[in-house]
There are 2 protein chains.
Amino acid sequence: MSSDTTLPWSDLKMSARIVAAAFKRFARNGFAAATIREIAADAGVSAALVIHHFGSKDGLRRECNRRVVDFLRDKGRPDASAAERLDAVFVQYGSYATRAVAEDSEESRELFDVLLGMARAVVAEGAESGSLRGSSDPDAQAMALLVLGLTPFAFSAHLTRWADAGLDAAMARLAVPIAEIYTRGLVTDSGLLDAAMGVRGER
Amino acid sequence: MSSDTTLPWSDLKMSARIVAAAFKRFARNGFAAATIREIAADAGVSAALVIHHFGSKDGLRRECNRRVVDFLRDKGRPDASAAERLDAVFVQYGSYATRAVAEDSEESRELFDVLLGMARAVVAEGAESGSLRGSSDPDAQAMALLVLGLTPFAFSAHLTRWADAGLDAAMARLAVPIAEIYTRGLVTDSGLLDAAMGVRGER
DNA sequence: GTGGTGTCTGAACTCATGTTCAGTAATCTA
DNA sequence: TAGATTACTGAACATGAGTTCAGACACCAC
């Protein structure tokens, strides 16, 4: 059971504070630009302690990734649908996960693959229940669902600047046109789809 | 007139080779992780020459951003529609532009704002011609159009791995379900849209 | 108390990186 | 041709970052 990052700061053990600070810095600045000294300062500890607990900067990232994967596979609520789980990950770890998979392809493949597997489950679920329109390429549909879902987090800085509001409010405003697209489509003729199918040589 | 990166390598001046190498490294590794020595090695020159031409690593990035903006505003084809221009930027500089705006919010705001302005023009164009469905929030629709268009580049490494093919082929495959969504929508009921509108307190 | 284990720190070490600098070759101008 | 400007390089410098290390402090078993 991973500790919830919404718990009061003072209740967290030092190692948990470090992880929480790492999530924030990695999400905001990216792995390469974030420094151990920054993270340590945010957590109120020394840089040496970070190494003591996690071995290295890479070990700290592994711990962060592990927590996201654990959260996604959380056995605590086996009744949750795939869509609910994926959505919960977006809400809880969206900014971090987006940065993590976007930045370092070598070490974040497992994280991405786990997310993609969950997206596949969402597509299968939706096809069965009829809540999602089927695609000619369900596997690609799952990929599209995942990357489109991660999108807002990838540009969160510009989003908040554009909306002149916090991330939540900005995402809420962006959610409207995206929901419109998901519900009614965006283009009015089949030219785009024909072109996309044509490139693949399909009919 | 900015030089085309598709020109033969041997035809490029040294400074153009450096810029081309910088585009590649910045796109692949991000600004922070890319090093001047790597870029110089790719271009076949010394690291000192990079500084000589562009003053600093930041100056090199500014030059890259400038070329993208110039390309977008290219006066060479005033007849091109906003949609065609935006699409051309995605094709030519998608990977770089996505990294640039995702990574450093401070220095890439202008680039993002230029792209967003072009996306607004695309929405206005589509509304006038009737090729795009109107939104209750056209400004947010432009933002959605932009970020959804940039997103696939943010995960290009995973895309190519998933498709087991080059980036072009992977994007072509991903384009099908995205075109399906843009044409027919994805969800079959209005629950998602109602929820998105509800959060904003609209009807 | 005593030894041991785990937590935590400041200082130092090592290495990579952006940058500077002196100097050399090439190119341009008159 | 002569001078000046530009292109270019290798070596060195300064800084920052990840990591190591010896030791201090706290807690626990015996």
Side-chain angles (χ1 to χ4, degrees), chain A residues 3 7-66 96 99-100 103-104 106-108, chain B residues 2-3 7-67 96 99-100 103-104 106-108:
Chain A
S3 60
L7 283 174
W9 188 254
S10 58
D11 287 355
L12 295 178
K13 293 166 54 178
M14 283 300 186
S15 61
R17 290 193 198 187
I18 294 170
V19 172
F23 268 119
K24 197 181 71 179
R25 285 288 179 180
F26 287 162
R28 186 168 309 177
N29 306 346
F31 180 77
T35 72
I36 287 192
R37 284 175 174 81
E38 275 177 353
I39 293 169
D42 287 354
V45 300
S46 68
L49 187 62
V50 177
I51 302 296
H52 171 73
H53 277 304
F54 303 100
S56 66
K57 188 182 179 184
D58 239 64
L60 181 55
R61 167 166 57 181
R62 273 193 297 275
E63 174 64 20
C64 289
N65 285 358
R66 196 184 63 74
Y96 170 79
R99 278 278 194 195
E103 178 153 323
D104 184 10
E106 290 305 324
E107 297 204 44
S108 57
Chain B
S2 59
S3 61
L7 282 173
W9 188 253
S10 58
D11 286 356
L12 295 178
K13 293 166 52 178
M14 283 301 185
S15 61
R17 289 193 199 189
I18 294 170
V19 172
F23 267 121
K24 196 181 71 178
R25 287 286 179 179
F26 287 162
R28 187 168 308 178
N29 307 86
F31 180 76
T35 72
I36 287 194
R37 283 176 174 81
E38 275 176 352
I39 293 169
D42 287 353
V45 301
S46 67
L49 187 62
V50 177
I51 301 295
H52 171 72
H53 276 304
F54 303 100
S56 66
K57 189 183 179 183
D58 239 65
L60 182 56
R61 167 166 58 182
R62 273 193 297 274
E63 174 64 20
C64 289
N65 285 357
R66 197 184 62 75
R67 293 202 177 209
Y96 171 79
R99 278 278 194 195
E103 179 153 322
D104 184 9
E106 290 305 324
E107 295 203 46
S108 56

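As the structure is a computational prediction, the values presented were derived from the model and not from experiment. Below, read A as the first sequence line, B as the second, and so on, with proteins coming before strands; counting in each chain starts at 1.
- Note: CD1 (A:I36) to C1' (C:dT9) measures 15 Å, nearest angstrom.
- Judged as a salt bridge (Lys or Arg N to Asp or Glu O under 4.0 Å), the pairs with a partner in residues 21-33 of chain A (not counting sequence neighbours) are, in order, A:K24-A:D42, A:R25-A:E38, A:R25-A:D42.
- Here D:dG18 presents its C1' atom at 14 Å from CZ of A:R62, a figure rounded to the nearest Å.
- The interatomic distance linking A:E38 (CD) with D:dG16 (P) rounds to 13 Å, in whole Å.
- A:L60 approaches A:I18 most closely through the heavy-atom pair CD1-CG2, 4.1 Å.
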Contacts table for residues 49-59 of chain A: side-chain donor-acceptor under 3.5 angstrom, sequence neighbours left out:
from	atom 1	to	atom 2	distance (Å)
A:S56	OG	A:D58	N	3.4
A:S56	OG	A:G59	N	3.0
A:K57	NZ	A:F31	O	2.9
A:K57	NZ	A:A34	O	2.7
A:D58	OD1	A:R61	NH2	3.1

Pairwise N/O distances under 3.5 Å, protein to nucleotides 4-8 of chain D:
from	atom 1	to	atom 2	distance (Å)
D:dC8	OP2	B:H53	NE2	3.1

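- Nucleotide D:dG18 holds its P atom 15 Å from the CZ atom of A:F54, rounded to whole Å.
- A pairwise comparison of heavy atoms in B:N65 and B:S108 identifies ND2-CA, 4.4 Å as the closest pair.
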Full working for side-chain contact (heavy atoms from CB on, under 4.5 Å) between A:F23 and A:I39: CA-CA 9 Å; A:F23 268 119; A:I39 293 169; over 6 Å; no
Detail all sub-3.5 Å separations between protein N/O atoms and N/O atoms belonging to nucleotides 20-28 of chain C.
none

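- For A:R66, the side chain to side chain donor-acceptor pair (under 3.5 Å) test picks out A:E63, A:D70, with sequence neighbours left out.
- With sequence neighbours excluded, the residues that form a side chain to side chain contact (heavy atoms under 4.5 Å, CB included) with B:A33 are A:A32, B:N29.
- Atom P of nucleotide C:dG18 and atom CZ of B:R25 are separated by 12 Å, given to the nearest angstrom.
- For A:R37 against D:dG16, a side-chain-to-base donor-acceptor contact under 3.5 Å is absent.
- Remark: P of C:dT19 and NZ of B:K57 are 8 Å apart, rounded to the nearest angstrom.
- B:A40 comes within 4.0 angstrom of no nucleic acid atom, judged by non-hydrogen atoms across all strands.
- Here the closest non-hydrogen pair linking A:C64 and A:A22 is SG-CB, 3.9 Å.
- Taking CE of A:M14 as the reference point, atom OG of A:S46 lies at 9.5 Å (rounded to 0.5 Å).
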